[in-house]
Amino acid sequence: MNILATLRNRFGRALGALGVAESETPELLAMVLPSQDAKFGDYQANVAMPLGKRLGQPPREIAAELVRLADVADLCEPLEIAGPGFINLRLRDDWLAQQVTVASVDVERVGVAQTATPRTFVLDYSSPNVAKPMHVGHIRSTVIGDALYRILRFLGHRTISDNHLGDWGTQFGMIIYGYKHFVDRPALARKPVDELTRLYKLVNTLVEYHETANEKIPAVEKRIADGEQLLAKLRDAAMPADAKAAKQAAKRVRQLDGQLSELRSDLDELLGEVAAVEDDPPMRQLAVEHADIGQRVLLETALLHGGDPTNVELWRQFLPACLLEIETVYKRLGVSFDHTLGESFYQDRLRGVVKDLADKGLARESDGAICVFLDGYDVPMIVQKQDGAFLYATTDLATIQYRMREWHPDAILYVVDHRQSLHFDQLFTAARLWGYRDVELQHIAFGTVLGDDGKPFKTRSGTSVGLAGLLDEAVERAYAIVSQNDAARPEPLLSEEDRRHVAERIGIGAIKYADLAHNRTSDYVFSYDKMLAMTGNTATYMQYSYARVRSIFAKAGADAHSLERAGASPPPRVTSAPHGGEDAPARSNAILLSTPQERALAVALLQFSEALDRVVADYRPNHLTGYLFELATRYSDFFENCPVLRAESDELRMSRLLLCDLTARTLQQGLNLLGIEVVERM
RNA sequence: GCGCCCGUAGCUCAGCUGGAUAGAGCAGCGGACUUCUAAUCCGCAGGUCGCAGGUUCGAAUCCUGCCGGGCGCGCCA
């Protein structure tokens with residue numbers, strides 16, 4: 001059941017009867033919306049105001065006409081016109097009761113219909129570099145992508161998830177170099193993943209050391225010197241005469257000052273990095289011995305790309321261990337993919353891509369590189385470097401070509417950091433020029449995860465936070481909270497094993513939910529305390545709400561089983577209005593809406609479908625978290641005001657049990673679509 | 001310099017293709033546990049939606065300019 005879609009459908013007909021052109025109706029029907037304030041009813045139609053202008057009639061008159069034409073008497077109370085021409089709709093209690101009763105026996109889909117217009121979506125998310133440990137930056141892509149995948153699939157779309165691994169880049173050159181110079185063979189045989197990680201980190205540290213010492217530090221020093229010079233010049237300059245120019249000059253000085261202090265703190269950080277190596281004698285020794293490590297890593301990478309048998313064999317040998325590592329994280333997150341076609345998969349297609357682009361006149365040589373020049377962009381998209389190597393733009397184009405040929409999608413969604421938006425703009429523009437015009441290409445951009453200080457989330461030492469450690473920490477904190485709360489009960493509910501199990505689900509859920517609940521386009525501040533809070537819009541609160549509902553069934557005992565049976569049966573024939581005429585006794589499995597709280601809960605339950613539509617409209621899972629919070633709030637209100645097991649009659653008791661059951665299943669389904677598990681007790 | 005994103009309560013954030021009196025949580029104040037999980041709930045207080053114009057029946061939302069912040073800008077991904 002989708003109330004909004006039903007109402008729009010009815011108003012569409014009314015608009016037709018009013019003589020509105022069919023081409024204009026979709027835009028107008030978008031103005032039929034849920035009310036923001038309950039005193040205006042459940043829904044409102046705001047179409048009369050814009051129509052007033054077009055038809056040259058007072059909006060209130062048009063509203064009155066629409067009220068006459070709209071055939072909604074079966075589901076709405078008599079329509080009301082308010083203000084300049086708002087039409088307020090209040091749903092009939094008997095209709096609501098009937099609809100929610102039907103939803104309550106829908107075991108599979110809690111009343112959400114599948115889309116009438118299924119599309120094929122390819123979703124590209126997570127895409128970590130293998131060989132590097134996954135870090136905090138991979139959470140958002142993985143979690144948002146997985147949620148969108150689950151939601152689209154639930155709505156009946158064809159979905160294909162493809163983890164576009166970085167499995168062919170410089171990080172393998174590093175591992176290969178590390179293997180050739182530093183490998184500890186027994187360790188590699190014993191724990192390959194750990195040893196490869198150690199090699200990667202070691203080589204990476206050495207490469208960075210040289211880069212920092214030889215390039216970054218001098219560059220920053222030069223910028224500081226230039227800045228200081230400019231600042232001195234600005235300060236010496238005579239104050240401009242007119243006020244505006246003086247203000248501008250002052251601002252310039254202020255900005256420059258800020259930039260300089262930022263640069264100085266950058267410099268300190270870089271000097272610290274260098275010192276860390278130099279103060280460690282063995283590392284210092286290695287740094288001296290491997291002075292040209294940066295170049296030699298690139299060489300190893302080039303050899304790999306060129307098909308060098310030794311390096312290709314090493315790559316083959318190392319890849320499974322690296323995959324195992326990330327697979328562990330995915331398993332814990334409950335994320336899986338239909339395909340995992342990494343960059344390496346496309347390597348033998350790249351030459352053909354560049355040739356085809358050149359043949360079609362889209363790419364040409366410039367400064368020794370092959371570039372695609374696009375209107376409206378200052379910089380071209382480079383598809384082949386001077387030295388002949390290909391770039392990620394090339395791989396991405398090859399990937400689009402492959403996906404289009406293989407899966408014929410209607411849309412390809414890339415869940416990737418917003419910093420890559422220029423790349424995707426260019427990629428999509430190029431792809432369309434290349435001939436892929438009938439596919440929706442979307443960069444599902446998201447912001448950065450920040451620490452408490454408002455800067456990108458890092459450890460004290462400045463390295464990025466490992467994803468595995470992050471999950472551990474959340475689960476550990478969840479365990480402490482679970483244990484503390486359970487121990488404080490007169491009679492603890494949970495065994496030690498239960499507590500561990502619950503903590504895992506709460507900890508992982510908290511991280512995912514916090515991420516999904518934020519509007520994806522903005523940065524968000526990562527805080528364990530906030531995400532594990534029991535109040536507010538958190539996974540923990542949602543899981544708690546679920547557990548509270550379920551506890552009623554635990555108390556109800558055998559009733560739960562009979563209810564499940566009732567739920568599994570076909571929809572009941574609703575023979576009576578909820579308030580029940582004497583000659584039509586309410587059936588035992590019909591829902592009655594005897595209080596405002598029950599009614600509000602029923603409306604919320606029926607709006608699940610609308611929430612999912614909103615998510616899909618612009619690929620924002622936070623609309624679903626917002627909905628679940630609203631639902632949980634409504635349930636809480638109901639829980640406080642409507643006794644279930646001690647309801648005044650058997651009919652009411654059964655009705656409320658049905659509402660509870662549907663609430664639990666809707667919460668569970670909603671959380672499941674976000675990749676979050678529930679617990680029966682907590 | 002050019003481009004993209006952002007600016008909403010003390011803090012962290014919502015605000016659903018422009019709708020009626022801008023909402024949550026935290027923090028603050030005051031209430032509710034012999035009653036289905038109080039890890040909860042209810043009430044109070046808290047706002048020039050960065051600033052200034054414009055578009056219109058109506059603007060936090062759309063347009064322009066300014067102020068403030070983040071990110072990106074040829075051979076990394």
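Computed over heavy atoms, backbone and side chain alike; hydrogens, waters and symmetry mates excluded. Throughout, a chain's letter reflects where its sequence line sits, starting with A, and its residues are numbered from 1.
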Spacing between Leu493(A) atom CG and C36(B) atom P, to the nearest angstrom: 13 Å
Gln426(A) and Thr429(A) side chains, donor-acceptor separation under 3.5 Å: no
Residue pairs passing the salt bridge (Lys or Arg N to Asp or Glu O under 4.0 Å) test where at least one lies in residues 516-530 of chain A, sequence neighbours excluded: Arg477(A)-Asp529(A)
Nearest-angstrom distance from the residue atom CZ of Phe424(A) to C1' of C5(B): 16 Å
Contacts of Ala474(A) that satisfy side-chain contact (heavy atoms from CB on, under 4.5 Å) - sequence neighbours left out: Ile511(A), Tyr528(A)
Identify each donor-acceptor pair in which a side-chain atom of residues 127-136 of chain A lies under 3.5 Å from a protein atom, sequence neighbours left out, and give them as a table.
from, atom 1, to, atom 2, distance (Å)
Ser127(A), OG, Asp124(A), OD1, 3.1
Ser127(A), OG, His164(A), N, 3.4
His135(A), ND1, Gly137(A), N, 3.0

Protein-nucleotide distance (Met542(A), atom CE; G25(B), atom C1'), rounded to Å: 11 Å
Exercise: do Ser522(A) and Asn519(A) side chains pair donor with acceptor under 3.5 Å: no
side-chain hydrogen bond (donor to acceptor under 3.5 Å, both in side chains) partners for Tyr619(A), two or more places apart: Glu440(A)
Consecutive-pair stems (at least three Watson-Crick or G-U pairs, under 3.5 Å) that include RNA chain B: B:1-7 with B:67-73, B:10-13 with B:23-26, B:28-32 with B:40-44, B:50-54 with B:62-66
Distance in angstrom units between Glu215(A) CD and C76(B) C1', rounded: 13 Å
Atom pair OG/CD1 of Ser366(A) and Ile382(A) - distance to nearest 0.5 Å: 7.5 Å
Partner residues of Tyr200(A) under the ring-ring contact (aromatic ring centres under 6.0 Å, His included) criterion, sequence neighbours left out: none
Non-neighbouring partners of Asn485(A) that pass side-chain hydrogen bond (donor to acceptor under 3.5 Å, both in side chains), sequence neighbours left out: none
First encountered from the 5' end of RNA chain B, between Pro643(A) and His423(A): Pro643(A)
Separation between the P atoms of G58(B) and G19(B), rounded to whole Å: 14 Å
Atom C1', compared across G7(B) and G47(B): separation rounded to whole Å: 14 Å
Nearest-angstrom distance, C1' atom, A9(B) to U55(B): 29 Å
Geometric class of the Tyr627(A)/Phe608(A) ring pair [parallel <30°, tilted 30-60°, perpendicular >60°]: parallel
Sequence-aligned protein contact record of nucleotides 39-45 of chain B, with B where the base is within under 4.0 Å of a protein heavy atom and S where only the sugar-phosphate is: BSS----
Any pair counted as side chain to side chain donor-acceptor pair (under 3.5 Å), so long as it reaches residues 26-40 of chain A, sequence neighbours left out: Glu27(A)-Arg54(A)
Anti/syn call for C33(B), syn if |chi| within 90°: syn
Can you give me the N/O atom pairs linking the protein to nucleotides 72-74 of chain B at distances under 3.5 Å, or say none if there are none?
from, atom 1, to, atom 2, distance (Å)
G74(B), O6, Ser366(A), OG, 3.1

Gap in Å between the two P atoms, one belonging to C2(B) and one to A60(B), rounded: 30 Å
Approximate separation, where rounding is to 0.5 Å, of Asp42(A) CG and Ile3(A) CD1: 7.5 Å
Glu343(A), nearest nucleotide to its side chain (from C36(B), U37(B), A77(B)): A77(B)
Length of the CD-P vector between Glu61(A) and C57(B), whole Å: 17 Å
Sugar-phosphate, base or nothing in reach of Glu680(A), heavy atoms under 4.0 Å: base
More than 12 heavy atoms from other groups under 6.0 Å of CD on Glu80(A): no
Letter per nucleotide, 5' to 3', of nucleotides 12-23 of chain B [B base touched, S only sugar-phosphate touched, - untouched; heavy atoms, 4.0 Å]: SSSSBB-BBB--
Value in whole Å for how far the P atom of A24(B) lies from CG of Leu628(A): 18 Å
Distance between C1' atoms of U48(B) and A52(B) (Å, rounded): 13 Å
Rounded interatomic separation in angstrom, taking NE2 from His418(A) and P from G3(B): 17 Å
Nucleotide C76(B), atom P - distance to CD of Gln384(A) in whole Å: 13 Å
Partner set under side-chain hydrogen bond (donor to acceptor under 3.5 Å, both in side chains) for Asn88(A), not counting sequence neighbours: none
C1' gap between C51(B) and A38(B), integer Å: 46 Å
Distance, P atom - from C49(B) to A20(B), rounded to whole angstrom: 15 Å
Rounded C1' spacing from G25(B) to C33(B) in Å: 23 Å
Check: Met534(A) main-chain N/O paired with Thr540(A) side-chain donor or acceptor under 3.5 Å: no
